[in-house]
There are 2 protein chains.
Amino acid sequence: MSSGRAGEPGPESDRRATIKEVAEAAGVSRSTASRALTGHGYAAPQVRDRVRAIARELGYVPDATARHLRRQASQSLGVLVSDLSNPFYAGLAAGISQQARRREYTMMLADDGGSPDVEAEVAEAFVALRVAGVIVTPVSAQVSEYLTRHRIPVVEVDRQFSAGACDAVLVDNASAARTLTGQLLQLGHRRIALVTDERHWTTGRDRLAGYRDAFAVAGVPVDDSLVVTAGWDVDAARVEVARLLDRPEPPTAVFAANNVLAEAVWRAADERGFTIPDRLSLVTFDDVSWMSMVRPGVTAVSQDAVALGEASVSQLCERIQSPTAPVRTVLLSATIVPRTSTAPPPSTSR
Amino acid sequence: MSSGRAGEPGPESDRRATIKEVAEAAGVSRSTASRALTGHGYAAPQVRDRVRAIARELGYVPDATARHLRRQASQSLGVLVSDLSNPFYAGLAAGISQQARRREYTMMLADDGGSPDVEAEVAEAFVALRVAGVIVTPVSAQVSEYLTRHRIPVVEVDRQFSAGACDAVLVDNASAARTLTGQLLQLGHRRIALVTDERHWTTGRDRLAGYRDAFAVAGVPVDDSLVVTAGWDVDAARVEVARLLDRPEPPTAVFAANNVLAEAVWRAADERGFTIPDRLSLVTFDDVSWMSMVRPGVTAVSQDAVALGEASVSQLCERIQSPTAPVRTVLLSATIVPRTSTAPPPSTSR
DNA sequence: CTGAAAGCGCTTACAG
DNA sequence: CTGAAAGCGCTTACAG
């Protein structure tokens with residue numbers, strides 16, 4: 001589709017050029033013009049070239065809307081993430097965007113701010129637009145169910161709400177959480193807090209499971225009071241984290257389940273003069289830029305958001321190709337980026 | 001448009017419900033069904049309620065594509081930013097997304113990675129989709145010109161390439177740069193480097209102008225060798241910054257023109273053991289999260305990306321309403337967030 | 001190899 | 001207040 005690029009002569013008239021005008025100018029029927037332009041079906045080479053030249057001259061850009069209506073197949077993908085201001089979701093969107101363009105899809109992107117109501121609203125807009133498929137970081141089980149009911153292929157990414165009902169691309173949260181927790185135990189920590197957003201989502205659930213596994217392997221009992229659910233709201237999370245650090249027996253290590261929570265822990269520790277790692281060890285999910293800039297750097301599980309985005313587009317395209325293929329869950333492994341935010345617990349705490 | 005939400009009974013058949021089926025089920029014509037559903041034109045209250053109930057029952061969601069084709073008016077906005085992985089652009093997209101949804105527009109978002117070729121490609125896709133308007137952080141003068149030629153309203157945001165030809169929403173870069181540079185001069189700095197990405201874009205040009213103004217006001221000559229253009233590529237920028245700090249007579253203060261460059265300066269200073277602010281003062285544009293987490297915190301010009309996004313949607317909607325109103329450039333002021341990354345120059349350098 | 005015709009799913013003057 | 005008809009811009013069997 002190299003016609004109509006910036007730089008060549010534009011439409012002279014007030015209305016946008018249509019295929020009818022191109023056809024008339026070329027002295028052929030609309031059918032022939034269409035075949036010449038799309039390359040589908042026959043058109044004499046001579047005719048084809050003439051039609052294309054004229055289209056270019058007129059600045060003709062085919063109406064994707066009309067084409068979609070006629071073909072009953074859209075070239076747009078719907079993408080719904082929780083929070084574009086969060087670098088994790090932004091990276092995810094960036095990965096999806098790139099990969100979508102490579103496959104000649106345009107991307108309709110929305111941000112639901114974590115609200116199930118907005119999520120439902122956006123899902124309906126996607127149905128209305130008859131997008132070819134949707135990639136979503138779900139905040140409820142309804143989205144995927146709703147879209148599926150409307151025959152729109154869905155891929156759940158990062159979190160899974162509809163296991164078995166639609167495809168998903170996830171990170172191996174349990175295994176990364178297990179390893180990281182294991183390292184803290186190895187260092188001698190016993191009071192290791194897990195600060196998570198939500199425990200019902202697969203992300204929270206699996207990270208918690210990995211955390212528990214590590215304790216089980218080490219033969220150490222889990223102190224449930226150290227597993228805190230801080231929610232999505234940044235301010236509320238800060239309060240929760242502050243409360244945790246202000247306990248009479250504060251944890252000697254904190255495992256933050258995402259970058260927002262890690263930021264809350266970092267700031268709370270800083271305010272209290274809790275030196276990291278001497279007084280408090282910190283590890284987290286999501287390797288975002290500040291974690292390698294602060295001193296000490298924060299040991300983090302790096303989820304390659306861009307790769308996650310790309311994988312979800314691939315999965316979605318396969319699903320669009322083969323609507324009846326068995327549902328698949330793709331598990332991407334995460335990498336631990338060790339830095340210097342962990343140390344043995346303070347000796348008084350041993 | 002509360003019909004068809006997740007949760008209610010879905011379409012029974014294999015095909016998606018159309019208005020024809022709704023009309024038949026309700027025993028009315030398609031015309032009447034359409035009027036009942038949209039609320040445009042007359043429909044007996046009784047009929048209207050019956051049609052709506054049936055639509056809901058069938059899980060009918062009107063085809064936005066068909067509606068668009070018929071009405072010749074789209075409910076989608078095209079948005080094109082340079083780099084979603086950059087928190088500034090991500091915040092911008094978040095602001096646009098919110099505001100667009102509030103106005104019942106869906107957002108088609110793309111990321112051009114700073115490439116004029118991708119930019120042209122995306123612009124063409126937007127024309128093909130006949131979007132109602134486009135918001136772009138341009139990387140060339142061509143996009144706005146191309147879209148305008150195709151009768152699509154455009155708002156340039158953050159940077160301006162087509163002054164006078166289309167609307168723009170910008171930050172008052174010159175004034176913020178002037179103030180910040182003035183503060184460094186006031187502290188006694190003379191060798192103040194300005195590290196910028198590009199000098200031909202309005203962002204770079206205006207920040208440079210503000211920098212020069214401050215020198216002029218202070219009656220201090222500008223040392224042009226300290227104005228370095230580091231480009232967009234992160235790695236190349238690092239090399240450029242390293243070279244700057246490794247000069248025999250390094251600057252005593254650096255003014256970074258954006259968050260990526262500030263990160264490069266911060267890391268380079270850290271590697272060299274250049275203590276901030278004792279040995280090197282640092283100020284920057286873009287207040288992103290790490291700047292308030294590192295020690296010392298970095299003094300930054302905060303451009304409210306979300307507000308910028310919202311303002312650009314407002315401007316675009318006004319333009320869509322009034323295509324012939326005079327072109328407008330909206331200038332948003334920026335706020336300086338003072339932190340502790342500045343100090344008088346080291347005494348040996350005075 | 002080409003063109004006339006039908007039709008994708010809607011909406012909207014228009015006639016009644 | 002309602003329905004038949006036209007048409008938005010395209011594509012694609014189908015007949016020639």
Side-chain angles (χ1 to χ4, degrees), chain A residues 1 3-4 11 13 15-51 55 58-76 127-132 150-151, chain B residues 1 3-4 11 13-51 55 58-75 127-132 150-151:
Chain A
M1 223 174 276
S3 71
S13 74
R15 295 184 38 60
R16 274 187 277 253
T18 68
I19 200 172
K20 191 169 164 240
E21 298 169 47
V22 174
E24 277 167 8
V28 296
S29 69
R30 277 144 68 216
S31 327
T32 301
S34 174
R35 285 190 301 260
L37 256 16
T38 61
H40 295 173
Y42 299 107
Q46 240 193 49
V47 172
R48 205 197 48 192
D49 294 345
R50 183 155 41 92
V51 171
L58 293 171
Y60 172 70
V61 179
D63 186 329
T65 297
R67 177 177 288 174
H68 166 193
L69 183 60
R70 169 62 226 240
R71 287 197 177 150
Q72 290 292 294
S74 151
Q75 279 299 318
S76 298
V127 171
L129 288 160
R130 307 297 193 254
V131 295
H150 280 274
R151 313 274 181 278
Chain B
M1 227 174 272
S3 71
S13 74
D14 210 36
R15 295 182 41 57
R16 274 186 275 253
T18 67
I19 200 171
K20 191 166 163 241
E21 298 170 46
V22 173
E24 277 167 8
V28 296
S29 70
R30 279 144 66 217
S31 326
T32 303
S34 174
R35 285 190 302 259
L37 257 16
T38 60
H40 297 174
Y42 298 107
Q46 242 192 49
V47 172
R48 205 198 48 193
D49 293 345
R50 183 156 42 93
V51 171
L58 293 171
Y60 171 70
V61 179
D63 186 329
T65 297
R67 176 177 288 173
H68 167 192
L69 183 60
R70 170 61 227 240
R71 288 197 177 148
Q72 290 293 295
S74 150
Q75 279 299 320
V127 171
L129 288 160
R130 307 296 194 250
V131 295
H150 281 273
R151 312 273 182 277

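Lettering of chains follows the sequences in order, A, B, ..., and the numbering in each one begins at 1.
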Can you measure from [atom1] ([X]) to [atom2] ([Y]) and round to the nearest 0.5 angstrom?
X	Y	atom1	atom2	value
A/Asp63	B/Leu69	CG	CG	6.0 Å
A/Arg130	A/Arg151	CZ	CZ	12.0 Å
A/Tyr60	A/Arg16	OH	CZ	12.0 Å
A/Thr32	A/Arg50	OG1	CZ	10.0 Å
A/Arg30	A/Arg35	CZ	CZ	12.5 Å

[X] [atom1] to [N] [atom2]: how many Å, rounded?
X	N	atom1	atom2	answer
B/Leu69	D/dC10	CG	P	9 Å
B/Arg71	D/dA6	CZ	C1'	17 Å
A/His40	D/dA13	NE2	P	11 Å
A/Asp49	C/dC1	CG	C1'	15 Å
A/Arg67	D/dT12	CZ	C1'	13 Å
A/Arg50	C/dT2	CZ	C1'	12 Å
B/Lys20	D/dA5	NZ	P	15 Å
B/Asp63	C/dG9	CG	C1'	6 Å

Give a yes/no answer on whether the side chain of A/Gln72 brings an N or O atom under 4.0 Å of OP1 or OP2 in C/dG9.
-> yes

Within the pair A/Tyr42 and D/dG16, is there a side-chain N or O less than 4.0 Å away from OP1 or OP2?
-> no

Taking the side chain of A/Ala44 as its heavy atoms from C-beta onward, which of D/dT2, C/dC1, D/dG9 lies nearest to it?
-> C/dC1

Of all the nucleotides listed (C/dC10, D/dT2, C/dT2), which has the minimum atom distance to the side chain of B/Val47?
-> D/dT2

Taking a pair to mean Watson-Crick or G-U wobble geometry with both distances below 3.5 Å, D/dA4 pairs with none

For D/dA13, the Watson-Crick or wobble partner whose two distances fall under 3.5 Å = none

DNA chain C contacts among residues 30-38 of chain A, heavy-atom distance under 4.0 Å = A/Ser31, A/Thr32, A/Arg35

With nearest nucleotides of DNA chain D determined for B/Pro45 and B/Arg130 from heavy-atom distances, which residue corresponds to the more 5′ nucleotide?
-> B/Pro45

Side chain to side chain donor-acceptor pair (under 3.5 Å) evaluation trace for B/Ser31 with B/Ser34 = CA-CA 5 Å; B/Ser31 326; B/Ser34 174; over 6 Å; no

Side chain to side chain donor-acceptor pair (under 3.5 Å) evaluation trace for A/Thr65 with B/His68 | CA-CA 7 Å; A/Thr65 297; B/His68 167 192; 3.1 Å; yes

